[in-house]
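So the structure is just underneath, and the comments pick up after that.
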Amino acid sequence: MSKMRGRILIPLPNTGAMGRKRNNFYMRSIFLLALCIFGLLQYHNFNYLDSRDNALGEAVTNDSDDAILAMVPAPLHKYLTPHTRNHTTSGAGVVSGAALLLNSSSSGAATATTISFDVYHPPNITEIKRQILRYNDMQTVLNEDTFGPLQNDSVIIVVQVHTRITYLRHLIVSLAQAKDISKALLVFSHDYYDDDINDLVQQIDFCKVLQIFYPYSIQTHPNEYPGVDPNDCPRNIKKEQALMANCNNAMFPDLYGHYREAKFTQTKHHWIWKANRVFNELEVTRYHTGLVLFLEEDHYVAEDFLYLLAMMQQRTKDLCPQCNVLSLGTYLKTFNYYTYHSKVEVMPWVSSKHNMGFAFNRTTWTNIRKCARHFCTYDDYNWDWSLQHVSQQCLQRKLHAMIVKGPRVFHIGECGVHHKNKNCESNLVISKVQHVLRIARNSHQLFPRSLTLTVPSLIKKSKLRKGNGGWGDLRDHELCLNMTLPTR
C-alpha cells in the first residue's frame, strides 16, 4: 500500500471511440472536399445557350470572316471561298467586265493590248429544264471510284437545298470533318438550279455525292402552276370576290380563307418528292435498307454525328424497341454538354422539336408513304406538321423518337421561310456553334463510349390540331399525291 501511495494513476484513453471520431472527421472532410471540387467543375463546365440575346455571346468575341476561317482546317477553306464565273478567253486572269486595256511601252513607242473576257450569263429556263432532266436521268454518283459503292449499312444523308449558298458552305465544311463521312452517300436535293451551288457541290472530295433536282419548282414554272399563274387568286381576296373574278383556284381557299402562295407550298412538295425519290426511284438507293438522315442547307453537324447515330441505332433494341425515328438536333435554348453529351431520351415524335437532323429507314418510309393521302390533303404548308398529322391520324405504329440531349445537328440559318432578319448572312450563330464544338472537343465531350437513357420530366400528350393553312388548293393535293405514286 505504501508503494502505491506515491504513484499517480492516469486513466487510459478510450482509443476505440477516439479513432472512430477521427475517422468520421476525415471522412467528412474528404466528402466536403469532393463536393467542393465537383461544384467547381460544374461551375466551370460549358453550357450551350442557343438563344439570340446572350447565348454564348460572352464566350464568342469575334465573329468576323477571318475568325471563322481560322477555326476551319486549311484544306477546307476552298469550300468557303466564292469564285466568280467570269473568265478570260485567253486564261489571263479573272476580271469583271468585257475587256481590259493594258498599255505598255517598248522602245519608246506606246502599244495597246486588248484582252477580251466572256461575261457569265445565267442559263435561261429552257436550258435549266434541260439540265435538270439530264441530272435526274444520269443519276451520276461523284467520287464513287474513290470511295466504292454504297453499302447497305452506310448512311444516306439527304440535304434539301434552296438558294442560301453561304450556309451551305458551312454545312459542307462541317460534314467534311465528320468521322466516317467517307462511308456515306451525300444526296443534295435542289429546288433551284444555280451554277455556283453546283460548282460548290461538285467540288466535294471527301465522300460520294449525288445531285437531284426537284422538277416542279417555281424557278422552272414562274408563270404557271406550281409557280404563280397570272390568273391565280390573290392570297387575301375574299371567296365571293374570287368567284366573281373567276380566278383559277377560287373554289379552294384554305381553312383560314386564304389562297395558296407558291413560295410556301414548294417546300412541302419538295420534301415528299425527295423522300420518294431516294427511297423508291434512284438506282443507287432504291434497295437500301439502312438509315436515311434528313438535313437542310442551314444546318451544321458535329464531327461525331455519324458515330452517335450508329450508336443510337445499335441501342434501339434495348433502350427503345418502339422507336422508329432517331433525332440528332434539338431546339432547346439551354443545354449542358458536360451533363448531356452521352444521354438520350425517348418520346413521341413532335414536329416542332424533332424535325432537325432526324433519320429513319425504309420500313418507316413505307408506312408513311401508305398514308400519303393524309400528308397531301392536310391543310398545312409545313411538311413536318403534315408528317405529325400522318403519325397521329394514320400510322398504326406512331412515330416515336430517340433524341440525343446534347445535339449533334445545329441550326445556323438566320433567314428562311419562317425567319426574317436584317442580316441574313450573319456570322454570329456560325461562330457560336464553332465555339460550342471546340469546347466540347477539348473537354472530351464528343464520341461518348456509351449512351444513357434519361426519362423526360414531363411528356405532354400531343393534341390534334388543325393545320396552319396554305394548303387548300386541290392542285397541290393532286401534285403531292402523284409524286408518291410508283413510277416503275
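Below, each value reflects all heavy atoms present in this structure, side chains not excepted, and no hydrogens, waters or symmetry copies.
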Going by distance alone, is a donor N or O of one side chain under 3.5 Å from an acceptor N or O of the other, for Asp191 and Gln219? no

Spacing of CZ belonging to Arg277 relative to NE2 belonging to His270, to within rounding of 0.5 Å: 11.0 Å

If the plane angle is over 60° it's perpendicular, under 30° parallel, otherwise tilted; pick one for Phe294 and Phe360. tilted

Out of curiosity, Arg169 CZ to Leu76 CG, how far, rounded to the nearest 0.5 Å? 13.0 Å

Mark yes or no for whether Asp473, through its side chain, and Tyr259, through its backbone, hold a donor-acceptor pair below 3.5 Å. no

Would a distance-only check, ignoring hydrogens and angles, find a side-chain to backbone donor-acceptor pair under 3.5 Å from Arg408 to Gly406? yes

Check the orientation of Trp383 and Phe358. Use parallel for under 30°, tilted for 30 to 60°, and perpendicular for over 60°. parallel

Backbone of Trp471 reached by a side-chain donor or acceptor of His477 within 3.5 Å: yes

Would you say that more than 12 heavy atoms from the other residues, nucleotides or ligands in this model lie under 6.0 Å from the NZ of Lys398, or not? yes

Looking only at side-chain N and O atoms, does Asp476 offer a donor or acceptor that is under 3.5 Å from a partner on Tyr225? yes

Could you list the residues that satisfy ring pair (Phe, Tyr, Trp, His ring centres under 6.0 Å) with Phe188, not counting sequence neighbours? none

Donor-acceptor pair, distance only, cut-off 3.5 Å: does the side chain of His170 make one with the backbone of Tyr167? no

Which pairs of donor and acceptor atoms, one on a side chain in residues 196-210, lie under 3.5 Å apart (sequence neighbours left out)?
from   : atom 1 : to     : atom 2 : distance (Å)
Asn198 : OD1    : Gln211 : NE2    : 3.1
Asn198 : ND2    : Asp194 : O      : 3.3
Asp199 : OD2    : Arg85  : NH1    : 2.1
Gln202 : NE2    : Tyr135 : OH     : 2.8
Gln202 : NE2    : Gln211 : OE1    : 2.9
Asp205 : OD1    : Tyr79  : OH     : 2.8
Asp205 : OD2    : Lys78  : NZ     : 2.7
Lys208 : NZ     : Gly148 : O      : 3.4

Pairing of Lys179 and Asp304 as salt bridge, 4.0 angstrom limit: no

Under a 3.5 Å distance rule, please check whether Asn355 uses its side chain to pair with a backbone N or O of Asp384 as donor and acceptor. no

Keeping the roles fixed (side chain from Gln151, backbone from Pro149), state whether a donor-acceptor pair exists under 3.5 Å. yes

Met251 atom CE, over 12 foreign heavy atoms within 6.0 Å: no

Exceeds 12 heavy-atom contacts within 6.0 angstrom, atom OH of Tyr287: no

Find out whether Trp273 and Pro215 are in side-chain contact, i.e. whether some heavy atom of one side chain is under 4.5 Å from a heavy atom of the other. yes

Any side-chain heavy-atom pair of Met356 and Thr330 under 4.5 Å: no

Measure the shortest side-chain to side-chain distance between Val433 and Ile430 over non-hydrogen atoms and say whether it is less than 4.5 angstrom. no

Taking the six-membered ring for Trp, are Phe279 and Trp365 parallel (under 30°), tilted (30 to 60°) or perpendicular (over 60°)? parallel

Between the side chains of His411 and Asp298, does any donor sit under 3.5 Å from an acceptor? yes

Can you confirm whether Val346 sits close enough to Leu319 that some side-chain heavy atom of one is under 4.5 Å from a side-chain heavy atom of the other? no

Quick check against the 3.5 Å criterion: does Ser174 have a side-chain atom that pairs as donor or acceptor with the backbone of Val301? yes

Does any non-hydrogen side-chain atom of Lys405 lie less than 4.5 Å from one of Thr454? yes

Can you tell me if Asp380 uses its side chain to pair, donor with acceptor, with the backbone of Asn382 under 3.5 Å? yes

Dump the intermediate steps for salt bridge (Lys or Arg N to Asp or Glu O under 4.0 Å) on Asp232 and Arg475, then the final yes or no. CA-CA 12 Å; Asp232 280 351; Arg475 294 174 297 177; 3.1 Å; yes

Side chain Thr285, main chain Val278, donor-acceptor under 3.5 Å: yes

Do Leu479 and Pro226 have side-chain heavy atoms sitting under 4.5 Å apart? yes

Can you tell me which residue pairs pass the disulfide (SG to SG under 2.5 Å) test with a partner in residues 130-191, sequence neighbours excluded? none

Any idea how Trp349 and His354 line up, ring-wise: parallel (<30°), tilted (30 to 60°), or perpendicular (>60°)? tilted

In terms of the angle between their ring planes, are His162 and Tyr192 parallel, tilted or perpendicular, with boundaries placed at 30° and 60°? perpendicular

Look at atom CZ of Arg373 and say whether more than 12 heavy atoms of other residues, nucleotides or ligands are closer to it than 6.0 Å. no

With heavy-atom distances below 4.5 Å as the criterion, would you say the side chains of Leu185 and Ser154 are in contact? no

For Lys129, does the NZ atom sit with more than 12 other heavy atoms under 6.0 Å from it, leaving out its own atoms? yes

Side chain Thr316, main chain Gln313, donor-acceptor under 3.5 Å: yes

Verify the neighbour count for atom OH of Tyr216: are there more than 12 heavy atoms of other residues, nucleotides or ligands below 6.0 Å? no

Below 30° counts as parallel, above 60° as perpendicular, anything between as tilted: where do the rings of His269 and Tyr214 land? parallel

Would a 4.5 Å heavy-atom cut-off, applied to side chains only, mark Phe375 and Trp271 as touching? yes

